[in-house]
Amino acid sequence: MKELGFSQWLMLSGLGMFFLAYFAQLWRKHLAGRDMVMNRDPRLYPPNYDQLTKADRRRLLRIHTWREVWDQTGKTLTLVAALGVLLFVISIFIANSGA
């Protein structure tokens, strides 16, 4: 088996960075949503909660959990994911340039 080249290592590291950061952010969102539901956060349970449709309830959960995790850690994880995508794209250009 051939040894991996620089562009292949760059591609693998970019994919790894993206997936680790993405799933860490999703896990943080899941934990925040679980805590908000367990604590009956008033943002998720407005006074007219019984009149809301299932889609409206899901929308409330989606909006407020993303707002909850969009702190400094969330922004850092998003930056790491974006850097991973950038490394992946750069590795494609390096591999196609013949280097």
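Along the sequence shown, residues carry numbers from 1.
Of all heavy-atom pairs spanning Gly33 and Thr65, the tightest one is CA-CG2, 3.3 Å.
Distance check, rounded to the nearest 0.5 Å: CD1 of Ile92 to OG of Ser7 gives 10.0 Å. Rounded to the nearest 0.5 angstrom, Arg57 CZ and Asp50 CG are separated by 6.5 Å. In this structure, CD in Glu68 is found 7.0 Å from CG in Asp41, a value given to the nearest 0.5 Å. With values rounded to the nearest 0.5 angstrom, Ser91 atom OG is found 10.0 Å from Leu86 atom CG. Atoms CG and CH2, from Leu4 and Trp9 in turn, are 5.5 Å apart once rounded to the nearest 0.5 Å.
Cluster partners of Leu79: none. The rule joins Ile, Leu, Val, Met, Phe, Trp and Tyr whenever side-chain heavy atoms lie under 4.5 Å apart, and it links nothing here. Residues Met36, Val37, Leu44, Tyr45, Tyr49, Leu52, Leu61 make up the rest of the hydrophobic cluster containing Leu60, defined by ILVMFWY side-chain heavy atoms closer than 4.5 Å, directly or through other members. Taking Ile, Leu, Val, Met, Phe, Trp and Tyr as hydrophobic and joining them when side-chain heavy atoms fall under 4.5 Å apart, one finds Leu77 isolated, its cluster having no other members.
Taking hydrophobic clusters as Ile, Leu, Val, Met, Phe, Trp and Tyr residues chained together by side-chain heavy-atom distances below 4.5 Å, Phe23 shares a cluster with Val69. Hydrophobic clustering (side-chain heavy atoms under 4.5 Å, transitive across Ile, Leu, Val, Met, Phe, Trp, Tyr) keeps Leu83 apart from Leu20.
Within a 6.0 Å radius of CZ in Arg43, more than 12 heavy atoms belonging to other residues, nucleotides or ligands are found.
Applying the ring-ring contact (aromatic ring centres under 6.0 Å, His included) rule to pairs touching residues 56-76 yields nothing, sequence neighbours excluded. Listed by first then second residue, pairs satisfying side chain to side chain donor-acceptor pair (under 3.5 Å) with a partner in residues 11-28 read Gln25-Arg28, Arg28-Asp71, not counting sequence neighbours.
Every side chain to side chain contact (heavy atoms under 4.5 Å, CB included) that Ile63 has, sequence neighbours left out, goes to Arg59, Arg67.
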